[in-house]
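Inspection log for the structure reproduced underneath, given as structure tokens.
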Amino acid sequence: SKAEGRCRFHFFEPALQASAEARRLLEFDLRAALALGQFELFYQPQLDLASDRLAGFEALIRWRHPVRGLVPPDSFIPLAEELGLIIRIGEWVVREACAEAARWPDGLCVAVNVAAAQFTSGTLISAVTGALLRSGLPSRRLELEVTETALLHDDGGMTLEQLQALKDLGVQVSLDDFGTGYSSLTQLRSFPFDRVKIDRSFADDPAVVRAVAALGNSLGMRITAEGVETDEQMQRLRDDGCTEAQGYLLSRPVPAGEVATLIERLGLL
Ligand code: C2E
Ligand code: CA
Ligand code: CA
Ligand code: CA
């Protein structure tokens, strides 16, 4: 009814204003966060299923906000992309991840998430090269994870060109969140990926995991199952054609300072 409509209007209007205000505050804080050193990387282990040994870690950003506490990436990465801040944040991420990984036992890889905008910025290759040089990390121990969104906006083949340039450097590239976007099959074939990461929404769908793994394997790619939370899921993965596993079952993402302990715990699995 009309009365209800008015009621709703009065109810929602302040909430809308509050969220615009909250957004302005968030934007203000986010613009300062890099200079204030408020970003941190957490690391989540990836298990090699053939050897049952640790393969490496995925670096996942967090924002240690003085008032809000530890802010997860989904709460600020989209805004950072919108504001164009993701370029400089992304450069910090790759530098920090390489510096950290250079201190791990040889052979352990670090995987870094790269946003679509980083491909169109034109500075990705030099940022990666700089991070490798500065840290001394061998390029084969760095992996970059890209989602389908980055590939969908591949105007003029620029993304493909840069993926190829990264591969020429010896860096590995993987397709993240596979299955959550669309035209995935075309992209799997047209881009030179070393790895496909099957989105965690398929962790309980062995038919999909098997199909994707078979396809990826036939294209010579490695296959990571994401979001592995149970023993039951873990036990199926090798038979289903996956080569690596990542998920809470092994460990949640941990701060850099806890990586050494985790390596000790998982290294001899
Ligand atoms: P993603 O790249 O798909 O990363 C995996 C996410 O799943 C992480 O969330 C991780 O904590 C979570 N996860 C891992 N294992 C499990 C599990 O067993 N169960 C469940 N339910 N979740 C699991 P997180 O750290 O909150 O990151 C969310 C997303 O934020 C990432 O998804 C990635 O898209 C983005 N992100 C994180 N770090 C960066 C970064 O440095 N740069 C960019 N551009 N994006 C980032
Ligand atoms: Ca990822
Ligand atoms: Ca993912
Ligand atoms: Ca994701």
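In each ligand, atom 1 is the first atom listed, and ligand 1 is the first ligand listed.
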Heavy atoms only, cut-off 4.0 Å: how does K197 contact ligand 1, side chain, backbone, both, or neither? neither

Check each heavy atom of E226 against ligand 1 and say whether those closer than 4.0 Å belong to the side chain, the backbone, both or neither. side chain

Only one of Q246, Q46, E145, R195 forms a side-chain hydrogen bond (donor to acceptor under 3.5 Å, both in side chains) with T224, so which one is it? R195

Looking from the Ca ion (ligand 3), what is the angle between OE2 on E226 and OD1 on D177, to the nearest 10°? 150°

Given Q118, E229, E96, E81, which has its nearest heavy atom closest to atom 20 (C) of ligand 1? E229

Decide yes or no on side chain to side chain donor-acceptor pair (under 3.5 Å) for D177 and T180, but give the supporting numbers first. CA-CA 6 Å; D177 298 349; T180 55; 4.8 Å; no

Evaluate R200 for polar contact with ligand 1, using N/O atom pairs at a separation under 3.5 Å. yes

Could you give the distance from CG (L175) to CE (M221), rounded to the nearest 0.5 Å? 8.0 Å

Looking at E58 and K197, does any basic side-chain N land under 4.0 Å from a carboxylate oxygen? yes

Show the atom names and distances, to 0.1 Å, of all donor-acceptor pairs under 3.5 Å that link a side chain in residues 30-41 to residues at least two apart or in another chain.
| residue | atom | partner | partner atom | Å |
| --- | --- | --- | --- | --- |
| R31 | NE | E27 | OE2 | 3.3 |
| R31 | NH2 | E27 | OE2 | 3.0 |
| Q38 | OE1 | W63 | NE1 | 2.9 |
| E40 | OE1 | R64 | NH2 | 3.1 |
| E40 | OE2 | R64 | NE | 2.4 |

Below 4.0 Å from any atom of ligand 1, is there a heavy atom belonging to R62? yes

Under 3.0 Å from the Ca ion (ligand 3), is there an N/O/S atom belonging to D199? no

For R238, check salt bridge (charged side-chain N to carboxylate O under 4.0 Å, His left out) against everything at least two apart and list the hits. D52

Got an N, O or S from T147 under 3.0 Å of the Ca ion (ligand 2)? no

Look at atom CZ of R68 and say whether more than 12 heavy atoms of other residues, nucleotides or ligands are closer to it than 6.0 Å. yes

Do any N/O atoms on Q246 end up under 3.5 angstrom from N/O atoms on ligand 1? no

Give the atom name of whichever N/O/S atom in E58 sits closest to the Ca ion (ligand 2). OE2

Measure the distances from the heavy atoms of G90 to every atom of ligand 1 and state whether one is below 4.0 angstrom. no

Heteroatom of D176 nearest to the Ca ion (ligand 3) (N, O or S, atom name): OD1

If we only count N/O pairs under 3.5 Å, is I61 in contact with ligand 1? yes

Whether E58 lies under 4.0 Å from ligand 1, heavy atom: yes

Ligand 1 versus V93: contacting region, heavy-atom distance under 4.0 Å: side chain

State the atoms of ligand 1, each with its element, that fall below the 4.0 Å cut-off from a heavy-atom position in Q44. 14 (C), 15 (N)

N/O/S atom of E145 under 3.0 Å from the Ca ion (ligand 2), yes or no? yes

Proximity of D177 to ligand 1 by residue part, where a heavy atom lies under 4.0 Å: side chain

Is R236 atom CZ crowded by more than 12 heavy atoms from other residues, nucleotides or ligands, each under 6.0 Å away? yes

Using the side chain to side chain contact (heavy atoms under 4.5 Å, CB included) definition, which of the options I125, L142, V94 pairs with V171? L142

Region of D176 engaging ligand 1 - heavy atom pairs below 4.0 Å: side chain

